[in-house]
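In what follows, chains carry the letters A, B, and so on, assigned in the order in which the sequence lines appear, proteins first and then strands, with residues in each chain numbered from 1. Just so it is clear, the model here is predicted, and its values are computed rather than measured.
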Amino acid sequence: MNKVVTRFAPSPTGYLHAGNYRSAVFCYLFAKKMGGSFILRIEDTDRARSKKEYEENILDALSWLGLKHDHFYRQSEQGPRHEELLRKLVAEDRAYISKETPSKEGGRTEVVRFRNPGEKITFTDSIRGAITFDTQELGDFVIGRSLSEPLYHFGVVVDDMDEGVTHVIRGEDHIPNTPRQILIQRALGAPTPVYAHLPLVLGADRSKLSKRLNAKAMTEYRDLGFIPEAMLNYLALLGWHPEGEQELFSLSALIDAFNLSRIQKAAGIFDEVKLRWFNKEHLRSLSDEEYAQRLMRFLESAGVSSPAYLSRATPILKERAETLLEARGLIESGECAFLEERVPYPEAVLLQGAKASAEEVARNLKKVLELLGGVSKTDWSAANIKNTIFSYATEVGKSTVLWPLRVALTGKERSPDPFIASELLGPEETLSRIRKALEELPQ
RNA sequence: GGCCCUAUCGUCUAAUGGUUAGGACGGCGCCCUCUCACGGCGUAAAUCGGGGUUCGAAUCCCCGUAGGGUCACCA
């Protein structure tokens, strides 16, 4: 069997949405699973609508997702080849120059039409099985505006042939295009690739994903603080399911598990809520260092400066934010500011949740100070701190110890627990803030 | 409208003739807990309808119905 070659062939006439990239994901996974190669082909034969900006966005999104192409083509650069084959078809009378009365603005008086033999075409779709069309009703469709201006169907067939594409994996909306393309293949003597038409990705309202109405550009998700691992994982599982119940996959695990036979036939809805779950999970599986790095880059690209305490805040952020944007929100709202400097608080807050007198709280904080003094600086971890304090706290009433301790450290009614706060603050700062709290209490 | 595709909890899906129809997200409830968050446990929730075939149908066939796609000198 020939080496597998798949291609993702978007046209740069707008920002691509999740459905488009889901096709790219499947093409990529299948090619890599089979040890084959993955082609990126920009279909820019419509010079009027194609824009460099959109092409760059596609490249940007694909590289963000980690889908590296093995070959890159720009359809507009195949002009001479397309013209050569278009002329060949005309010479063989499989196509002809047709006189037209332009039906709309800018219409030509001459176009190239395919001489349609009008036979029934049956092809086997790897996802849906046999599909039959009667191509009679297609008529002699147009394949070129002129001999030097090929149209979509012709360009696709020539390029797939020349690039050695063996598997065409694309959206279901291309099913009706397939018989025309097979007709052109036969006229050209080109092989017919294996077709796999993917179910569509729908918006929350069950309508087709549309850039204007309900779909974000892929790069917008990056700006919203989603990480590529999560997006890739989510996209792969939208319309495909591996054996077993595992849901969290890395790119290489996806390649390993992927196959065409477990692809869904029915359309699926793009659900941002589930995407958020994947994002949270993948964010958590990052090391603290990696997490801090990504968040720093995220803040930088948004023009926000990273606070000095950012890397220490990671454990807190990981627990509380599902996206990098939420992490940014926590930083900006001062959620972790206590790591930077002591946050002042009214005395009432210190006592509020303790439900105890100032004298009792002072006594407890002194005791905590004494206990913590016995913890070695090299063993200064949340677990050790908890062990050290907990039995005393339990004995005298947890809320009378832990609440004021936590407020002394974080200055807030609601915050991370005092153990993790102590760890992140370090021994000197922790002890100093407890002393400070004691000074402010009536003796 | 013609042609084509599809149909399991709200959503993503498992079960390829025999299961109390399973899992995940979300929802709800309980627990954990000094607060907030995290987490743990539990729970409600589905085979579009009607006919066949079969001892037996979510699964196979037919007919409906519903949804979607497509019918360009766009891709």
Handout entry: Base A24(B) paired with K274(A) side chain (donor-acceptor, <3.5 Å)
Key =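 When only heavy-atom distances are counted, K274(A) does reach the base of A24(B) through a donor-acceptor pair under 3.5 Å.
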Heavy atoms from C-beta onward define the side chain here; which of [options] lies closest to that of [X]?
X       : options                : value
S11(A)  : C34(B), U35(B), A75(B) : A75(B)
D417(A) : C34(B), G69(B), C3(B)  : C34(B)
A266(A) : U6(B), A15(B), C12(B)  : U6(B)
R128(A) : C34(B), C5(B), G26(B)  : C5(B)
P418(A) : U11(B), C73(B), U35(B) : U35(B)
L200(A) : G69(B), U11(B), C34(B) : G69(B)
R320(A) : A37(B), A7(B), A75(B)  : A37(B)
E100(A) : C73(B), C38(B), C4(B)  : C73(B)
Q264(A) : A14(B), C73(B), U35(B) : A14(B)
S399(A) : A75(B), C34(B), C3(B)  : C34(B)

Practice task
May I ask you to decide if the ring planes of F123(A) and F133(A) are parallel, tilted or perpendicular, using 30° and 60° as cut-offs?
Solution key: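 F123(A) and F133(A): parallel rings.
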Problem - C73(B) OP1/OP2 closer than 4.0 Å to side-chain N/O of R47(A) - result: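 Negative; the distance criterion is not met.
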Problem - Whole-Å gap separating P (C25(B)) and NZ (K280(A)) - result: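 Atom NZ in K280(A) sits about 8 Å away from atom P in C25(B).
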